[in-house]
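First comes the structure, then the notes that go with it.
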Amino acid sequence: MAERLYNRLLAIRSERGLTQAGLAELVGVSRKTINTVENGIFIPSTLLALKLARALGRPVEELFSLEPDQIGD
Amino acid sequence: MPQISDIELADRLSRRRARMLSALAILFLAGQAIYFSGPDVPTRNVDQLKVSAWLVWAIVLLVLLGTGGGLMRTGKVRALMEDEPTSANRLRAYSFGFWSASGTAVGLYIVSMFEPVSGREAIHLILTAAVAGALLMFGMLERRAHRDG
Amino acid sequence: MTASDIKKAEQVSRARSLIMAVMAVVLLIQGALGFGDEATSMTPMLRHGLWGLTILFWLIILATGGWLRLRPSVRSLINDEMSLVNRSKALQAGFWTAMVLALAIYFGSMGWEVSLREGLRILVDLTIAAALLRYAWLELR
């Protein structure tokens with residue numbers, strides 16, 4: 001069973017030209033939440049992951065993955 | 001002065017809280033020396049004042065830990081300060097506080113076989129270890145959460 | 001991970017919760033009885049030693065989830081994500097119980113003398129009881 005959650009949040013957020021605060025505002029969470037998810041310190045709840053995906057206009061599977069190579073370029 | 005958004009305000013307050021709680025924990029720990037310099041049963045007014053001050057301090061710190069502070073802020077700002085990572089960090093802080101208390105209790109139990117330790121001293125040490133331990137852990141986790149990259 | 005692992009894990013998890021709930025009640029009674037008179041046929045050394053070992057045992061259970069001799073596939077199921085969160089919440093209950101009790105005992109000690117043994121017995125027994133009860137309740141619901 002995979003024990004790490006990989007994410008492309010930073011890359012996709014940057015593509016959209018959003019700051020952490022900007023994305024936080026769209027999702028309705030703190031900037032700290034965005035920061036800790038991006039840095040892999042915090043694993044978001046399903047609810048938060050779906051909200052992030054909706055805010056960035058991408059499927060949640062594009063943002064998060066159990067395997068590193070599934071979210072590479 | 002330009003108005004800052006709720007998100008920015010919550011961010012600043014959250015960082016300040018992390019630094020402040022860590023500093024308060026260290027001060028709380030460091031301040032224990034004055035309590036153990038007096039008699040075990042405070043009889044003089046100054047000793048009773050010291051004990052009362054310690055109790056008030058401990059209770060205030062527990063309230064800060066439990067509520068996260070910022071009680072005078074708007075609901076939205078408080079909700080942003082009490083986000084998912086903070087709730088998770090607080091839970092980890094409680095665990096650390098529990099283990100600090102347990103470890104201190106076990107240690108005192110062993111020490112008491114060789115040196116006399118009063119019940120009051122023991123409770124004082126356990127409470128101090130738990131409160132300081134929980135605050136230090138919370139402060140550390142919150143500071144790490146704010147660190148970029 | 002097989003179907004029998006899952007079944008075994010469910011049985012062990014349920015048994016663990018029930019044992020914890022029973023032990024919590026035992027500790028509650030022990031904590032209450034430990035206050036004041038310690039007249040018993042056991043020598044103090046033996047009594048205190050047994051108490052210490054019991055407490056250490058249950059602290060290890062709270063730290064690890066216990067049942068360390070199970071095979072890893074079953075252990076990982078009984079200590080899954082939900083169980084780990086429940087354990088954290090149990091320690092939270094233990095923390096606050098310890099804090100309230102410590103303050104109460106400290107206040108009380110201003111009126112009457114509290115020996116180390118009395119203080120520790122009440123505090124530790126009831127703290128661990130609270131943690132075990134909360135864990136059992138969260139796991140069984």
Side-chain angles (χ1 to χ4, degrees), chain B residues 35 40-43 47-48 51-52 54-63 65-66 87-113 115-131 133-135 137-138, chain C residues 34-35 44-45 48-49 51-63 81 84-128 130-132 134-135:
Chain B
Y35 300 104
D40 182 40
V41 180
T43 48
D47 293 323
Q48 284 174 347
V51 167
S52 304
W54 171 77
L55 279 169
V56 168
W57 199 359
I59 291 169
V60 166
L61 290 177
L62 282 170
V63 169
L65 178 64
S87 298
N89 289 343
R90 190 177 283 120
L91 212 50
R92 285 180 68 177
Y94 289 144
S95 296
F96 193 78
F98 175 90
W99 291 117
S100 299
S102 301
T104 306
V106 169
L108 284 168
Y109 194 78
I110 295 169
V111 164
S112 71
M113 293 178 193
E115 287 244 346
V117 181
S118 74
R120 174 195 294 245
E121 274 176 339
I123 297 295
H124 187 126
L125 285 167
I126 292 168
L127 195 60
T128 301
V131 171
L135 282 174
M137 178 56 79
F138 185 61
Chain C
F35 181 61
M45 197 68 159
H48 298 314
W51 178 79
L53 282 173
T54 308
I55 295 305
L56 265 174
F57 175 77
W58 287 104
L59 284 174
I60 291 170
I61 296 287
L62 279 170
E81 205 176 319
L84 292 176
V85 169
N86 288 343
R87 206 181 308 153
S88 291
K89 289 181 181 176
L91 296 183
Q92 175 185 20
F95 174 83
W96 284 112
T97 302
M99 295 301 95
V100 168
L101 278 174
L103 287 167
I105 296 170
Y106 201 89
F107 274 118
S109 71
M110 294 184 190
W112 71 88
E113 192 167 327
V114 178
S115 74
L116 175 79
R117 302 261 183 236
E118 267 175 353
L120 282 186
R121 286 286 293 266
I122 296 167
L123 186 66
V124 174
D125 284 354
L126 296 184
T127 293
I128 294 181
L132 289 174
R134 178 103 172 111
Y135 190 39

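Quick caveat: nothing in here was measured; it's all calculated off a predicted structure. Each chain gets a letter, A, B and so on, in the order the sequences are listed, and its residues count up from 1.
- Across L101(C), L123(C), L103(C), L91(C), the residue that shares the most heavy-atom pairs under 4.5 angstrom with chain B is L91(C).
- Checked against side-chain hydrogen bond (donor to acceptor under 3.5 Å, both in side chains), R90(B) has the following partners two or more places apart in sequence or in another chain: E82(B).
- With respect to chain B, the highest number of heavy-atom pairs below 4.5 Å among L59(C), L120(C), T127(C) belongs to L59(C).
- W54(B) and Y106(C) have tilted rings, their planes meeting at an angle from 30° to 60° on a 0 to 90° scale.
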Exercise for review: With side chain to side chain contact (heavy atoms under 4.5 Å, CB included) as the test, would you mind laying out the steps for R120(B) and V114(C) before giving the verdict?
Suggested key: CA-CA 7 Å; R120(B) 174 195 294 245; V114(C) 178; over 6 Å; no

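- Looking at A63(C), the atoms closer than 4.5 Å to chain B (heavy atoms on both sides) sit in the backbone and in the side chain alike.
- T97(C) places none of its side-chain heavy atoms less than 4.5 Å from the side chain of F98(B).
- Against chain C, the residues from residues 102-111 of chain B that qualify, each with a non-hydrogen atom under 4.5 angstrom away, are S102(B), A105(B), V106(B), L108(B), Y109(B) in number order.
- Contacts between A88(B) and chain C at a heavy-atom distance below 4.5 Å are absent for every atom of the residue.
- Not counting sequence neighbours, the partners of R87(C) by the side-chain hydrogen bond (donor to acceptor under 3.5 Å, both in side chains) test are N79(C).
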Practice item. Begin from the C-alpha positions of F96(B) and F95(C) and carry the test side chain to side chain contact (heavy atoms under 4.5 Å, CB included) through to its verdict. Key: CA-CA 9 Å; F96(B) 193 78; F95(C) 174 83; over 6 Å; no

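- The part of I105(C) that comes within reach of chain B is its side chain, from C-beta onward, which places non-hydrogen atoms under 4.5 angstrom from that chain.
- Of all the listed residues (L55(B), I126(B), I59(B)), the one sharing the greatest number of non-hydrogen pairs under 4.5 Å with chain C is L55(B).
- Nearest heavy-atom pair across A122(B) and L116(C) is CB-CD1, 3.2 Å.
- For a residue to count as touching a neighbouring chain, one of its non-hydrogen atoms must lie under 4.5 Å from one of that chain's; by this rule L62(C) touches chain B with backbone and side chain alike.
- Qualifying side-chain hydrogen bond (donor to acceptor under 3.5 Å, both in side chains) partners for W58(C), counting only residues two or more places apart in sequence or in other chains: none.
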